[in-house]
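All chains are named by letter (A, B, ...) in the order of the sequence lines, taking the proteins before the strands, and each is independently numbered beginning at 1.
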There are 2 protein chains.
Amino acid sequence: MKQKRKNLVILGSTGSIGQNTLEVVRRQSARFRVVGLAAGRNIWLLTSQVEEFQPEVVAVESESLALELRKKVGKQVKIVYGESGYQTVASWKKADLVVSAMTGIAGLKPTLAALNSGKDLALANKETMVVAGALIRKMASQTGSRIIPVDSEHSGVFQCLRGNNKKQVKKIYLTASGGPFFRVPLEELPKKTLAEALKHPRWKMGRKVTIDSATMMNKGLELIEARWLFNLRPEQLEVLIHPQSIVHALVEFVDGSILAQLSQTDMKIPIQYALSFPERWESPLPYLSLAEIGSLEFYPVEEKRYPLFNLARRVLEAGRSFPVVLNAANEVAVEAFLEEEINFGEIFQVVEYCLEAHRPRYLKTLEEILETDRITRELARQFLRKRGKER
Amino acid sequence: MKQKRKNLVILGSTGSIGQNTLEVVRRQSARFRVVGLAAGRNIWLLTSQVEEFQPEVVAVESESLALELRKKVGKQVKIVYGESGYQTVASWKKADLVVSAMTGIAGLKPTLAALNSGKDLALANKETMVVAGALIRKMASQTGSRIIPVDSEHSGVFQCLRGNNKKQVKKIYLTASGGPFFRVPLEELPKKTLAEALKHPRWKMGRKVTIDSATMMNKGLELIEARWLFNLRPEQLEVLIHPQSIVHALVEFVDGSILAQLSQTDMKIPIQYALSFPERWESPLPYLSLAEIGSLEFYPVEEKRYPLFNLARRVLEAGRSFPVVLNAANEVAVEAFLEEEINFGEIFQVVEYCLEAHRPRYLKTLEEILETDRITRELARQFLRKRGKER
């Protein structure tokens, strides 16, 4: 029986998740048709993607980039740009499934546009759930959109929950590799360089996520994401350090039984699952051999090593507008670290400063969320400028 | 909302699984009513079970045991005995779920009687599936009985499969602790004593199963059981040594993703799951802490250490009447070892002798199965007698 092809839109097609998604599509080309792509500024890569996948519509960041792309690709492709362009692609009529893989808060509006038009969503942009979880749950339940997580940890939870009753879940555990500084002496941490922080021991990911993994802010954001994705209480969410990154998540049920999801550390596995759901398709990746791996280790999270994770944990419990502040301050701080304007230990200081200055409230609309995000970024930048002058 | 109580029959109530089942029932007393019990010769324990749970019917092995029990318990309990007695209890009209936990081939006829009368089955008697898997699958599909495994490994597979499509299973892995002789020098193995073989490092089980665990015949029988329970091909079935006995089973899917089931090593967990299925109920057992356990290790099965496992693996592939021979010869040999008539290494020799002497055929009826079983036992006993005289 020939199945209907799924029409895909990929938001963030030139990023790490976007490229991996297209790699999965290449291997499963009979099952998909890419109808829309959205990227930022990487016109060179986007051009080759447009030539290969022949989407109907493409969005880029600005008018000038749109004009640049126009010169390089065929006339049959519609090119749009900016915020409204991204929303056009995200809600493209023919799309069945939208892969949301833009980095940071930039992914929020297009993701909401996709949900608002009733598309199923393969969600890789964790910031979306972190800052607007309540709004997104509400919108998805109104339009009937399904949200399938792409993050390996959340995909793991999602897979373990299938066929089980969520009311019988006691806890979920997301695993963390511990990042490149898991065994570094604590006193050396503040001075760690950008190059050292970018050397992730297990996963090949984008630069922002790699730094968040070194501070373990990544895992904090993932806990907040999980809270909304799976509708759980903060005290049901835990993290375990697992340096091998083979077990991605565990779900503990009230009867004392635990289900865990394991796989090679290759993002193509959870991406393909999100695209194939509710099916599973053959994968050309090498299978996992536990007898070869030998040992899977688990450790509790050391509080002093990951102060940003502790902040995130407190934000998870405090709720309200705090997650927006956490995310915005962290984005500004990591950006500054990536530009080598601050050292590794100062990322924490920026985020802590913004959280302490914040007066929490309930954010009900997209506008309120974006306003809190904007104000926090300004505050974080002020703090950084002041810090710069003091030097 | 008040749920209807499940009416339980427990075949083998005085054995290890039977006692654990009654312990689960004690904790969940509002959910169950025990309507029938069947035991062998342990009248002392059976009497106290009858007094506590007030079943409607009880079966014992012989008429004299029935008379003995009659003097000890109230008149309202019906007492039956022997083969027909066991079948009466197994097909008791009011029963909703029959727990099949008699040891060895003795469990086969009552189990078939339960299925034949359309009861759901919580299956702990692995011999049943090993010797009569095809027959049982056929009967269950005709009567609509559900078979829920009780063995921790098969319960693990069962839990991992829920909500997934079996066609997308690539392999399943059952774990084995490796038994008490996992790290013993190979040359010392044949001379291991009964007391040493009975010291299982992880599980508290009956004596027969504990010896089967030391030889790893247990895991071989479990593979054959799994083949029928989950309708898989021999090449889809694997065993991994996992000394911590925390991970009970893993299911590998075609997309490279693996689901695993973990829990404390306490049989009450899979027993409760079989009784609560498709629900899960709160359990008073301590939860598992992976951070405390620290490390989960996996090893391939060392062929020279577990020759009986290799025989079982070959029997799994050869099929036909071989599993009946494997099981019968092993029961006789383990019995002789438990009576200290033979040494540890000779268990293998008995089983190998019977398999080599056997001419395989397809067994279509219960009678053919029981006949092959009987002939094999005779042959095994002959071999033992001859061996005894040679000494």
Side-chain angles (χ1 to χ4, degrees), chain A residues 152 155-156 159-165 167-171 173 175 238-242 246-248 250 252-264 266 268-270 272-273 276 278-301, chain B residues 152 155-156 159-165 167-171 173 175 238-242 246-248 250 252-264 266 268-270 272-273 276 278-301:
Chain A
S152 58
S155 177
Q159 292 179 50
C160 291
L161 285 175
R162 276 189 74 186
N164 283 289
N165 182 340
K167 285 182 195 152
Q168 292 157 8
V169 171
K170 187 175 168 73
K171 278 192 177 176
Y173 297 82
T175 63
E238 300 279 353
V239 168
L240 277 170
I241 304 246
H242 168 49
I246 295 291
V247 178
H248 306 305
L250 304 101
E252 181 178 53
F253 295 94
V254 291
D255 64 354
S257 196
I258 292 178
L259 295 184
Q261 190 267 340
L262 298 72
S263 73
Q264 303 275 15
D266 188 318
K268 287 187 279 295
I269 293 174
Q272 179 175 303
Y273 183 79
S276 72
E279 296 297 305
R280 292 181 187 269
W281 299 329
E282 287 275 352
S283 158
L285 294 168
Y287 285 91
L288 192 63
S289 166
L290 286 180
E292 270 171 40
I293 290 163
S295 175
L296 302 174
E297 294 163 62
F298 299 89
Y299 303 88
V301 179
Chain B
S152 58
S155 177
Q159 292 179 49
C160 291
L161 286 175
R162 276 190 75 186
N164 284 289
N165 183 339
K167 285 183 194 151
Q168 291 157 8
V169 171
K170 187 174 167 74
K171 279 192 175 175
Y173 297 83
T175 63
E238 301 279 353
V239 167
L240 278 170
I241 303 246
H242 168 49
I246 295 292
V247 178
H248 306 305
L250 304 101
E252 180 178 56
F253 295 94
V254 292
D255 64 353
S257 196
I258 292 178
L259 294 185
Q261 190 267 340
L262 298 73
S263 74
Q264 303 276 14
D266 188 316
K268 287 188 278 297
I269 293 173
Q272 179 176 303
Y273 183 78
S276 70
E279 296 298 305
R280 291 180 188 271
W281 300 329
E282 286 275 351
S283 158
L285 294 168
Y287 284 90
L288 192 63
S289 166
L290 286 178
E292 268 171 40
I293 290 161
S295 175
L296 302 174
E297 295 163 61
F298 299 90
Y299 302 89
V301 179

Return yes if some donor-acceptor pair links the side-chain N/O of A:Arg280 with the main-chain N/O of B:Asp255 below 3.5 Å, else return no.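 A pair under 3.5 Å: no.
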Side chain to side chain contact (heavy atoms under 4.5 Å, CB included) involving B:Glu297 - partner list, sequence neighbours excluded: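 Residues passing side chain to side chain contact (heavy atoms under 4.5 Å, CB included) with B:Glu297: A:Ser295, B:Arg183, B:Pro243, B:Gln244, B:Ser295, B:Tyr299.
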Who are the side chain to side chain contact (heavy atoms under 4.5 Å, CB included) partners of B:Lys170, not counting sequence neighbours?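 Result, side chain to side chain contact (heavy atoms under 4.5 Å, CB included) vs B:Lys170: A:Tyr287, B:Glu252, B:Val254.
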Is B:Ile293 in contact with chain A via its backbone, its side chain, both, or neither, using a 4.5 Å heavy-atom distance?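 Contact with chain A involves no heavy atom of B:Ile293 at all.
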Mind checking the [atom1]-[atom2] spacing from [X] to [Y]? Nearest 0.5 Å is all I need.
{"X": "A:Leu288", "Y": "B:Ile258", "atom1": "CG", "atom2": "CD1", "value": "4.5 Å"}
{"X": "B:Trp281", "Y": "A:Gln168", "atom1": "CH2", "atom2": "CD", "value": "10.5 Å"}
{"X": "A:Ser289", "Y": "B:Phe298", "atom1": "OG", "atom2": "CZ", "value": "11.0 Å"}
{"X": "A:Asn164", "Y": "B:Glu279", "atom1": "CG", "atom2": "CD", "value": "10.0 Å"}

Exercise: identify the closest heavy-atom pair between B:Gly256 and A:Ser263: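 Heavy-atom minimum between the residues: O-CB, 3.7 Å.
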With a 4.5 Å cut-off on heavy-atom pairs, point out which of A:Ala260, A:Gly163, A:Cys160 contacts chain B the most.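 Top option by heavy-atom pairs under 4.5 Å: A:Ala260.
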Against chain B, label A:Ile246 side chain, backbone, both or neither, depending on which of its atoms sit under 4.5 Å from a heavy atom there.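 Neither part.
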Less than 4.5 Å to any heavy atom of chain B: does that hold for the side chain of A:Leu285, its backbone, both, or neither?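 When you check distances to chain B, no heavy atom of A:Leu285 falls under 4.5 Å.
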What residue among A:Leu250, A:Val247, A:Leu259 forms side-chain contact (heavy atoms from CB on, under 4.5 Å) with B:Leu262?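 Between B:Leu262 and the candidates, side-chain contact (heavy atoms from CB on, under 4.5 Å) is satisfied uniquely by A:Leu250.
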Out of A:Gln272, A:His248, A:Gln264, A:Gln261, which one pairs with B:Ser257 under the side chain to side chain donor-acceptor pair (under 3.5 Å) rule?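 Option passing the side chain to side chain donor-acceptor pair (under 3.5 Å) with B:Ser257: A:Gln261.
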